[in-house]
Amino acid sequence: MARDRAARRGWGWILVICLLPGMAWGTGVVRIGVLAKRGEDDAVRHWGATAAYLEQRLPGERVEIVPLDFDAIEQAVARDAIDFFATNPGQYVTFEARYGAQRIATLRNLRQGQPYTLFGGVLFRRADRNDIRSLADLRHRRLLAVDEDSLGGWQMAWSELLDAGIDPYRDLASLSFAGTHDAVVYAVLEGRADVGTVRTDTLERMEREGRIRLEQFEVLNQQPRTPAFPFFASTRLYPEWPFAAVAHTSPELARQVAIALLDMPADSRAATELQSAGWTVPLNYAPVHQLFQKLEIGPYRDLREVTLARLWTSYHWPILAGLLLFLAVGIAAFHYRRIGRRLAEARRALEEELVRRRRSEEQLRGRTTAIEAAGDIIFITGHGGEVEYANPALTRLTGFAVGEMIGRNAAELEPGEHRDAYRERLALVVRFGRSWSGEVTFRCADGGLLHLEQSIAAVLDEADRPVRFVALMRDISERKMARERLEQISRFNRALLDAVADGICGVDRDGYLVFANPAALRTLGLSQDAAIGQSLHQLLHGEEADHSEADCPLMHAAAAASHYSSDEERFQRANGNYFCASIAISPMRLQGSYPIGAVIAFQDITERREAALALGRAKEEAEAASRAKSSFLANMSHELRTPLNAIIGYSEILMEDVDGQAQPALIADLQKIRGAGAHLLTLISGILDLSKIEAGRMELLYEVFDLSAELRALADTARPLAERNRNRLSVHCDEGIGTIRADLTKLRQVVLNLLSNAAKFTSGGEIFLDVTQEEDAHGQSWHRISVSDSGIGMDGEQLQRLFEPFSQGDTSTTRQYGGTGLGLAITRHFCRMMGGDIEVTSRPGRGSRFDVWLPLEVTVIPTGERWSEWQRAPTH
């Protein structure tokens with residue numbers, strides 16, 4: 001650890017040397033060193049908005065954030081390399097004692113939506129560790145802390161352990177450090193440590209984030225929790241991070257920066273980036289000094305490290321020489337001992353008095369700076385109310401110059417009708433009490449009114465009599481406007497609830513109704529008085545519910561502050577009738593706090609439910625009719641194919657018998673019979689395939705085959721058909737296409753159908769068959785089989801109905817080119833059954849392109865899928 005600190009100290013010196021050029025005040029650059037406990041980038045991101053805010057408040061100055069680690073920031077303060085710094089309280093008191101640093105503001109840390117200027121430490125164990133009940137039980141236990149230099153994560157707990165008679169470096173079984181607060185909590189929860197110590201609000205924060213539950217832990221040495229500090233604590237509380245000026249910083253610059261920080265709005269971006277509500281006057285850091293003195297760390301480290309043994313080891317020769325010299329001159333100096341002792345005591349008393357006076361002057365100077373920089377008006381008046389002092393906030397808020405008010409009565413700032421009341425309040429403070437607070441209205445220099453929150457406290461003399469008064473006044477004009485806006489929003493929300501058609505009501509954590517809108521009362525047939533106070537179960541389910549109130553899911557959702565929704569509820573009206581309802585329950589919270597109840601929205605869906613049931617019955621009837629139709633077509637198509645095959649076969653036999661008889665007319669008639677039969681067989685085969693698909697009877701027979709070889713063979717089969725229309729057919733296959741696992745028969749039917757269509761609708765053109773292997777955005781590999789032509793093409797309207805059964809791109813093509821309109825519909829279904837799809841692009845007169853996408857290995861698609869489900873299947 002010592003070597004690490006030495007290394008960091010070395011880098012700190014390098015950084016300080018780099019910062020030295022251009023350091024002097026007046027160059028237009030104000031450097032603020034910040035402790036970068038999570039790295040430089042994190043520090044710049046959180047403090048950048050503060051730098052921008054200070055630049056706006058310091059005209060002509062450029063503010064620079066200098067992120068520094070633990071050792072580098074001390075070197076920067078020692079060498080005057082920065083003008084201001086912000087660090088933890090422990091390091092600040094070290095700089096205050098060693099280098100004369102002076103705090104000018106204290107951070108208002110934001111926790112659970114509220115600002116706090118104090119924090120402490122928490123010692124805790126797992127809830128089931130009943131063998132540890134107090135700090136005295138920690139002897140020979142394993143303790144885990146955050147860091148040895150962490151004030152809230154170790155040093156505060158160290159002090160409490162010493163008070164309990166436990167030396168953590170001697171009496172514990174082990175003392176280790178996890179580096180982060182969250183790691184300490186998890187280690188105790190998992191049993192890797194018996195006791196942990198973290199900063200206050202850590203356990204509450206982790207519970208809000210949903211990572212732990214507070215009932216899993218027990219806090220040791222627990223201090224009383226108050227509304228002002230509602231977090232678990234095992235130690236006393238210490239002030240938050242200070243913002244301080246180094247010794248060389250100009251007092252005027254320090255005053256301007258202090259004023260700007262104290263004026264920083266709590267909701268500003270600068271405050272939000274720091275997860276704070278801005279800054280307040282600097283707190284008293286004497287408790288931190290006392291803690292470090294007790295632990296002998298920080299500026300008081302030498303109290304622990306300097307011992308006689310170490311002095312003898314390091315300086316034994318000078319000590320021996322000094323002893324000899326002392327013996328030589330001891331006799332001669334004996335009679336001067338009393339004089340020397342008195343002089344030493346006087347010098348020591350003088351030094352102590354000088355130290356006390358210097359500290360008093362520093363405290364007075366700090367308090368004066370804080371008062372001057374405060375954003376609230378501060379008055380000091382005499383016994384009769386005449387103003388003796390006012391801070392600059394008076395001019396900023398009221399427009400009156402400070403010098404103009406000195407000697408005048410403070411009551412003159414109040415409108416005439418309120419001056420007597422002000423004097424009466426002052427008289428009450430003089431006569432009965434020590435302080436008074438309330439709201440007042442002051443008149444500004446321009447005649448306008450300013451709403452203030454005022455506190456008056458008496459300053460007493462030795463006889464306990466008021467001699468002057470201190471008044472603190474805070475501008476609450478925006479707060480009053482916000483209150484009025486809140487009331488307007490409340491009225492608007494109420495009108496909105498009254499206008500909506502759905503029933504909306506609210507319940508408390510116990511499930512009892514606290515409000516209901518008119519729609520809810522109308523639906524249930526209740527009045528407002530009859531509904532309020534009823535349990536949610538009794539209100540909606542009634543007396544004859546099929547479950548008790550203890551088992552009611554609505555009551556459980558309200559009690560657990562959880563979400564709940566259902567479209568299957570059966571509610572009861574006041575007249576005893578039941579209706580179907582949909583309901584949604586949501587927790588109700590106030591500004592991120594714990595749930596205070598739930599909001600319930602419900603709607604009568606009886607008519608919608610009946611309509612849905614009727615629609616479902618109609619759908620089932622339609623699907624049954626579709627299956628009956630498909631089954632009929634499949635049976636009829638099969639019955640028709642047998643006689644057609646006989647007709648085609650006998651026509652071919654007759655053609656062979658008359659081939660040598662020189663009867664051309666008879667041969668032509670037989671060819672027509674054979675052609676018509678073949679055409680009718682093709683049509684019936686298509687209808688049979690389509691009916692099998694619709695009936696869920698189509699099956700795939702998978703086999704692995706060489707895709708390139710099969711496609712070239714198919715091209716050879718289709719080449720005569722292409723050449724019949726004077727077309728040229730070209731085939732291109734990428735290298736390494738390899739094999740595919742698919743239904744070979746279905747694939748042949750798909751490709752031959754596309755090639756025959758291309759040949760049929762192209763005359764004297766080009767037909768291309770391309771095969772490539774491509775990868776989609778999800779990393780899946782696909783085979784793309786493309787058939788393109790230079791034929792007649794199609795427009796957008798034709799493309800929309802291209803894959804519909806018994807449909808072609810244009811009815812005129814049926815008359816000119818023939819066809820049933822089933823080929824492409826069946827082709828697409830085959831592609832989808834094999835886990836792929838087909839796409840088409842076309843332009844009239846410019847040809848068409850069909851792309852078949854198939855995976856390298858076809859996935860089995862259940863044959864029982866319905867046509868409608870194939871239709872909804874996603875495409876590539």
Side-chain angles (χ1 to χ4, degrees), residues 210 489-624 868-869 872:
I489 293 172
S490 178
R491 290 193 294 271
F492 172 80
N493 289 341
R494 188 65 200 183
L496 184 63
L497 285 174
D498 292 345
V500 296
D502 290 352
I504 299 176
C505 53
V507 297
D508 58 20
R509 286 294 298 272
D510 296 325
Y512 289 92
L513 196 74
V514 295
F515 75 88
N517 72 334
L521 298 174
R522 286 194 304 271
T523 303
L524 298 174
L526 292 172
S527 65
Q528 186 83 9
D529 294 337
I532 299 302
Q534 286 198 46
S535 73
L536 189 60
H537 173 77
Q538 179 69 26
L539 183 75
L540 299 179
H541 288 147
E543 296 288 349
E544 300 180 4
D546 55 0
H547 54 266
S548 65
E549 184 170 312
D551 298 327
C552 180
L554 309 186
M555 298 292 287
H556 289 173
S562 60
H563 291 271
Y564 175 83
S565 63
S566 173
D567 290 331
E568 303 293 335
E569 294 294 330
R570 185 171 177 263
F571 293 165
Q572 186 181 35
R573 306 186 201 274
N575 59 10
N577 294 334
Y578 286 91
F579 64 95
C580 297
S582 65
I583 187 171
I585 300 179
S586 300
M588 183 165 48
R589 306 173 185 268
L590 292 178
Q591 296 181 347
S593 64
Y594 288 100
I596 62 172
V599 176
I600 295 92
F602 65 90
Q603 184 182 31
D604 184 350
I605 61 169
T606 303
E607 294 182 0
R608 188 172 71 191
R609 177 64 58 82
E610 292 176 353
L613 292 175
L615 182 61
R617 289 192 296 269
K619 181 175 180 294
E620 291 176 357
E621 292 173 359
E623 289 178 348
S868 58
E869 293 171 339
R872 294 194 300 269

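Using a 4.5 Å cut-off on side-chain heavy atoms (C-beta onward), Ile600 and Val507 make contact. Counting only heavy atoms from C-beta outward, the side chains of Leu521 and Gln528 approach each other to under 4.5 Å. Counting heavy atoms from C-beta on, the side chains of Phe602 and Ser582 never come closer than 4.5 Å. Cys580 has its side chain out of reach of Glu569: every pair of non-hydrogen atoms, C-beta onward, lies at least 4.5 Å apart.
Note: Asn517 CG to Ile504 CD1 = 5.0 Å, rounded to the nearest 0.5 Å. Atom CD1 of Ile605 and atom CZ of Phe571 lie 9.5 Å apart (nearest 0.5 Å). Rounded to the nearest 0.5 angstrom, Met555 CE and Ile585 CD1 are separated by 10.0 Å.
Under the 3.5 Å distance criterion, the side-chain polar atoms of Asp502 are left unmatched by any main-chain donor or acceptor of Gln603. Asp508 places a side-chain N or O within donor-acceptor distance of the main-chain N or O of Asp510, the cut-off being under 3.5 Å. Between the side chain of Arg573 and the backbone N or O of Phe579, no donor-acceptor pair lies under 3.5 Å.
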